[in-house]
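The block underneath contains the structure these notes are about, expressed in C-alpha cells.
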Amino acid sequence: MRVVIVTESFPPDVNGVAHCAWQTARHLVLRGHEPLVVAPAGPRGTEPGTGAAVPCPVVRVRSVPLPGYAQVRVALPGRRLAAAIGAHRPDVVHLGSPFVLGARAMRAAGRLGLPAVAVYQTDLAGYARTYVGAGESYAWHRLRAIHGAADRTLAPSAAAVRDLVAHGVPRVRLWRRGVDSERFHPARRDLELRRALAPGGELIVGYVGRLAPEKHVELLAPVCALPGVRVVIAGDGPHSARLRALLPGARFLGTRTGDELARVFASLDVFVHTGPQETFCQTIQEAQASGVPVVAPAVGGPLDLIDHTRTGLLVRPRDPEALRDAVLTLEAARGTRDAYGRAGRAAVLTRTWSAIGDQLLDHYREVLTERSEGREGTPQLIPRPR
C-alpha cells in the first residue's frame with residue numbers, strides 16, 4: 001500500500017502530532033508499505049532528521065513560525081504539496097491533525113479522487129480560546145469542514161469522539177495511541193539522577209510536556225510549596241520564563257527525549273499532568289509504562305487512561321488545591337504509589353505501537369473497501385476558507 005502522510009508537525013519537532021506521524025511512518029515501512037511524509041520545513045539551517053531516524057522519504061514545504069509560539073511552524077501555500085501527493089500515487093492520504101497543511105492536502109486528495117483518513121489530535125478550538133480569547137466557533141467550523149471531507153476521522157479518546165460527533169463531524173472512529181513499554185520501563189529508574197534532583201530525599205513529582213498556556217503548569221505552585229516535595233519539569237515552550245518565576249522551587253530540565261526522557265520518567269515518584277485540553281495525553285501512558293502513579297484532571301483523554309484509585313488519581317480540572325491534595329495523599333502512602341504504578345504499567349503493556357499501527361492499517365483497508373463498494377457516501381470536497 002502506498003500512503004502519503006501529511007502532518008502539521010514531524011521530528012525534530014517534539015510533540016504528540018510529530019511523534020504519532022513518525023510512529024505511523026515507521027510502522028508502515030516495517031509492514032512492507034511505502035509511505036511518504038509531507039511536513040512543514042523547520043527554520044533554515046536545521047537538519048530535518050535530527051532527533052529520530054527518518055523512516056521514509058520526507059518532503060518539506062515552506063513554513064513560518066506561529067506568532068508568539070516559534071516552536072510551532074505553519075506551512076505556506078505552494079505547489080509542492082500537491083505535486084508530492086500526485087507523484088507518490090498513493091492509495092490513501094493520511095492527515096495528521098489537519099488544519100493548515102492538512103486542509104490543503106484534503107483538497108488535493110479530493111481533486112485526485114483519493115480516499116483520506118484524518119487523525120484528530122489537537123483541541124484547536126480550545127487553543128483558540130486560550131491564545132486569542134475568541135475564534136472557538138470558527139475553529140470548529142474549520143475542523144468540521146476538514147474532517148467532513150475525509151472518508152474517516154480517527155479520534156484518540158472517547159471524549160474526543162463525543163466532541164467531534166457533537167459538533168457534526170461524520171464518520172468518526174476511535175483510534176488510540178501506542179506506547180513503547182520497553183523504552184519506558186521501571187528499570188530505567190536512576191538513583192544517581194534522583195540524588196541530583198532531590199538531594200534531601202524529597203518525593204519527586206514530575207511534569208513532562210510543553211510549557212505553554214494551555215498546559216496550565218502554574219497549577220503546580222501549591223505542590224512546589226509542600227515540604228519534602230521536589231517538583232521536576234521537563235519540557236520547553238513560550239511559558240518557560242514565566243513558569244520559572246512562578247515556580248521558584250521547581251527544577252527545570254529543558255527538553256528531554258529518548259532514553260534520557262525515559263530515565264526522568266522512571267525516576268519520578270508521582271507524575272502530574274495539569275492540562276485540561278488533552279484529546280489523549282501521551283505522557284500519561286509513558287509515565288504508566290515507567291511504573292509511576294499519575295495525577296491528572298478528570299476531563300478529556302485522561303478519563304480513558306486513568307482508572308481512578310487503581311492506576312492513579314483524577315482530580316477537578318484547573319484546581320491547584322486538588323492537585324496538591326492528591327500529591328499529599330500519595331506522599332503519605334508508599335504502598336499505594338507502588339500499587340498504582342504496577343497497575344498502570346500492566347494496563348499499557350498491550351498498547352504497543354505495533355498493535356496500534358495494525359489497527360490503523362485495518363482502518364485504511366475498510367476505507368478502501370467502502371470506496372470500492374460505494375458505501376458510507378463519498379465525502380464532499382473541502383471548501384477554501386473565506
Side-chain angles (χ1 to χ4, degrees), residues 7-9 15-21 23-24 94-99 102 117-127 129-130 136 139-140 143-144 146-147 150 152-181 184 208-210 212 214-216 271-289 294-308 310-318 343-353 355-360 362-363:
T7 175
E8 306 288 340
S9 186
N15 58 59
V17 173
H19 184 63
C20 184
Q23 289 285 359
T24 297
H94 172 118
L95 306 173
S97 197
F99 197 70
V117 173
V119 179
Y120 175 74
Q121 288 181 254
T122 306
D123 180 8
L124 291 167
Y127 280 29
R129 183 173 61 249
T130 298
E136 187 173 359
W140 272 116
L143 287 168
R144 189 163 47 246
I146 296 169
H147 287 274
R152 181 168 296 189
T153 286
L154 302 179
S157 65
V161 170
R162 288 193 296 270
D163 282 349
L164 289 164
V165 172
H167 284 88
V169 176
R171 299 178 293 280
V172 182
R173 301 289 190 275
L174 181 66
W175 180 57
R176 294 190 169 97
R177 301 292 175 267
V179 63
D180 185 346
S181 55
F184 296 98
V208 176
R210 290 197 311 279
E214 72 276 6
K215 299 300 183 180
H216 293 280
F271 176 77
V272 175
H273 191 80
T274 51
Q277 295 171 199
E278 299 299 319
T279 60
F280 187 71
C281 198
Q282 181 66 9
T283 55
I284 287 179
Q285 283 201 139
E286 290 168 349
Q288 290 175 321
V294 177
V295 177
V299 65
L303 292 172
D304 282 7
L305 299 175
I306 299 174
D307 186 350
H308 183 61
R310 194 181 75 85
T311 63
L313 297 174
L314 292 166
V315 300
R316 289 184 301 276
R318 304 174 189 266
R345 178 165 173 81
V348 302
L349 285 178
T350 59
R351 301 178 196 165
T352 65
W353 278 108
I356 295 298
D358 285 344
Q359 291 171 18
L360 178 63
D362 288 340
H363 284 295

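Trp140 and His167 have parallel rings, their planes meeting at less than 30° on a 0 to 90° scale where 60° marks the start of perpendicular.
Among all heavy-atom pairs drawn from Thr153 and Leu164, the shortest one is CG2-CD1, 3.9 Å. Across Thr122 and Ser97, no two heavy atoms sit closer than the pair OG1-OG, 3.0 Å. Between Cys281 and Leu305, the shortest heavy-atom contact is O-CD1, 3.4 Å. Contact between Pro302 and Ala296 at its shortest, heavy atoms only, is CB-CB, 4.1 Å. Contact between Ala289 and Val179 at its shortest, heavy atoms only, is CB-CG2, 4.2 Å. Here the closest heavy-atom approach between residue Asp304 and residue Ser157 is recorded as OD2-CA, 3.2 Å.
In this structure, the separation between CZ on Arg177 and CD on Gln282 is 8.5 Å, given to the nearest 0.5 Å. Rounding to the nearest 0.5 angstrom, the gap separating the CG atom in Leu360 from the NE2 atom in His94 is 6.0 Å. Atom CD of residue Glu278 and atom CG of residue Asp123 lie 9.0 Å apart, to the nearest 0.5 angstrom. Atom OG1 of Thr283 is separated from atom CZ of Phe184 by 9.5 Å, given to the nearest 0.5 angstrom.
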Please evaluate residues Phe280 and Gln121 with respect to the criterion side chain to side chain contact (heavy atoms under 4.5 Å, CB included), reporting the C-alpha separation (whole Å), side-chain torsions for both, the decisive distance (0.1 Å), and the verdict. CA-CA 7 Å; Phe280 187 71; Gln121 288 181 254; over 6 Å; no

Take Trp175 and Cys20 through the side chain to side chain contact (heavy atoms under 4.5 Å, CB included) test and state the conclusion after the steps. CA-CA 12 Å; Trp175 180 57; Cys20 184; 3.9 Å; yes

Candidate pair His308 and Leu313, rule side chain to side chain contact (heavy atoms under 4.5 Å, CB included), full reasoning: CA-CA 5 Å; His308 183 61; Leu313 297 174; 3.8 Å; yes

I would like to know whether Val17 and Thr7 meet side chain to side chain contact (heavy atoms under 4.5 Å, CB included); could you show each step before the answer? CA-CA 8 Å; Val17 173; Thr7 175; 3.5 Å; yes

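A donor-acceptor contact shorter than 3.5 Å is absent between the side chain of Thr311 and the backbone of Ile306. Under the 3.5 Å distance criterion, the side-chain polar atoms of Thr274 are matched with a main-chain donor or acceptor of Lys215.
Gln285 and Arg351 are linked by a side-chain donor-acceptor pair at a separation below 3.5 angstrom, with hydrogens and angles left out of the test. Under the 3.5 Å distance criterion, with hydrogens and angles disregarded, a donor-acceptor pair is assigned to the side chains of Asn15 and Ser9. Remark: the Arg173 side chain and the His363 side chain contain no N/O donor-acceptor pair separated by less than 3.5 Å.
Counting heavy atoms from C-beta on, the side chains of Val169 and Leu143 never come closer than 4.5 Å. The shortest side-chain heavy-atom distance between Ser181 and Arg345 falls under the 4.5 Å cut-off.
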